[in-house]
2 protein chains.
Amino acid sequence: MYSSELIKGTLKTIILKLLKNNGKMYGYEITQRVKELTNNKIQITEGALYPTLHLLEKEGEVEAETETIGKRVRKYYTITPKGKVTVDLKVNEFVDFMNTMKFLLDFELDVGHAAK
Amino acid sequence: MYSSELIKGTLKTIILKLLKNNGKMYGYEITQRVKELTNNKIQITEGALYPTLHLLEKEGEVEAETETIGKRVRKYYTITPKGKVTVDLKVNEFVDFMNTMKFLLDFELDVGHAAK
DNA sequence: TTGGATACCTAAGAGTTTTAGGTATTTTTG
DNA sequence: CAAAAATACCTAAAACTCTTAGGTATCCAA
């Protein structure tokens, strides 16, 4: 149960949105949360996630801070004010794209909220 | 006015859906129709279109036939029965993905149909 | 004690699209 | 009427993003 190559171009948006909603999160946690929220439909691979997080950090959209749990180091990410602006732009752009595709492909979406 | 890299992975779906709805169309016509239907928001580039049409033909999703207008050759494409099955699958997959993203990003969409 | 989950990471490859060309005919416009 | 713009086809290199496939190491449960 995965929705394939459509995810392309939405990864940054998903990460930023999660960070905006949930405060600080670490990489592995993000993959698990997305998996759980989408009932295994979207599975972010670590090979895609970590480079993207590093990029977002370099761009100033998120900030990282490490925390040591036992002997293990966790890297927590927080969204910056710049990131909050970006995420709203990206979500709006996505919604606009959805409406365009809805018209072009002529389909309806669920009214209620539920990731079946 | 374009909605950037989100289009990735939707090109085949858009082409097949247009061919299913409108009968035979030629390449250039497809780019113009999409542009017009989406109010310039989605602009299919020819560098993406032609290779994709050739691929769809090789896969048996569409069939091509040439027609000569004056001294110019036009290549008309028609969707095959196999293509009709494929387009329904692809649109369903896309809608499913949209609903998942709608939940994940928590947004609402327009109720009415209008590519503003 | 060993397998699975947690937790981080990188690099090569694959897939799709953009960019940037090329050719040629037809129509519009100054 | 000449030049520009639109029509109409095409390909190849580059760019971008993600997957695949590794690597390391800790923690917990069977």
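Protein chains get the first letters and strands the later ones, always in sequence-line order, with residue 1 at the start of each.
Residues Val87(B) and Lys17(B) approach most closely at CG2-N, 3.5 Å, considering heavy atoms.
When hydrophobic side chains of Ile, Leu, Val, Met, Phe, Trp and Tyr are connected at separations under 4.5 Å, Leu89(B) ends up clustered with Val85(B). Annotation for Ile69(A): hydrophobic cluster partners, listed by chain and number, are none (ILVMFWY side-chain heavy atoms under 4.5 Å, direct or chained).
For Thr45(B) and dT17(C), the shortest distance from a side-chain N or O to OP1 or OP2 is not below 4.0 Å. Considering only side-chain N and O atoms, Lys75(A) lies under 4.0 angstrom from the phosphate OP1 or OP2 of dC9(C).
The side chain to side chain donor-acceptor pair (under 3.5 Å) test applied to Thr86(B) returns Glu61(B), not counting sequence neighbours. With sequence neighbours excluded, the residues satisfying side-chain contact (heavy atoms from CB on, under 4.5 Å) with Thr66(B) are Val73(B), Lys75(B). Residues forming a side chain to side chain donor-acceptor pair (under 3.5 Å) with Thr31(B) (at least two apart in sequence, or on another chain): none.
We find that CD of Gln43(B) is positioned 9 Å from P of dT18(C), with the value rounded to whole Å. Taking atom CD on Glu67(A) and atom P on dT6(C), their separation rounds to 18 Å, with Å as the unit. Between Ile44(A) atom CD1 and dT20(D) atom C1' the separation is 17 Å, expressed in whole Å. What separates CZ of Phe97(A) from C1' of dT17(C) is a distance of 13 Å, to the nearest Å. As a whole-Å value, the separation of Ile14(B) CD1 from dT16(C) P is 14 Å. When the P atom of dT17(C) is taken as reference, atom CG of Leu6(A) falls 11 Å away, rounded to whole Å. Rounded to an integer number of Å, the gap from Ile42(B) CD1 to dT18(C) P is 11 Å. The distance between atom CD1 of Ile15(A) and atom C1' of dC18(D), rounded to the nearest whole Å, is 12 Å.
Taken residue by residue, residues 48-60 of chain A places heavy atoms nearer than 4.0 Å to DNA chain C at Tyr50(A), Pro51(A), His54(A). Against DNA chain C, the stretch residues 23-36 of chain A makes heavy-atom approaches under 4.0 Å through Tyr26(A), Gly27(A), Tyr28(A).
In this structure, Thr38(B) contributes its side chain and Ile42(B) its backbone to a donor-acceptor pair below 3.5 Å.
Applying the side chain to side chain donor-acceptor pair (under 3.5 Å) test to residues at least two apart or on different chains, the pairs with a partner in residues 45-60 of chain A are Lys12(A)-Glu59(A).
Taking 4.0 Å as the cut-off between side-chain N and carboxylate O, Lys41(B) and Asp96(A) count as a salt-bridged pair.
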Please list, for nucleotides 26-30 of chain D, all pairs of protein and nucleotide N/O atoms separated by less than 3.5 Å.
from    : atom 1 : to       : atom 2 : distance (Å)
dT26(D) : O2     : Arg72(A) : NH1    : 2.3
dC27(D) : OP1    : Lys71(A) : N      : 2.8

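Within the model, atoms CD of Gln32(B) and CD1 of Ile44(B) stand 10.0 Å from one another, a figure rounded to the nearest 0.5 Å.
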What donor-acceptor contacts under 3.5 angstrom involve side-chain atoms of residues 19-26 of chain B, with partners at least two apart or in another chain?
from     : atom 1 : to       : atom 2 : distance (Å)
Lys20(B) : NZ     : Asp88(B) : OD1    : 3.0
Asn22(B) : ND2    : Leu18(B) : O      : 3.0
Lys24(B) : NZ     : Glu67(B) : OE1    : 3.2
Tyr26(B) : OH     : Arg74(B) : NH2    : 3.3

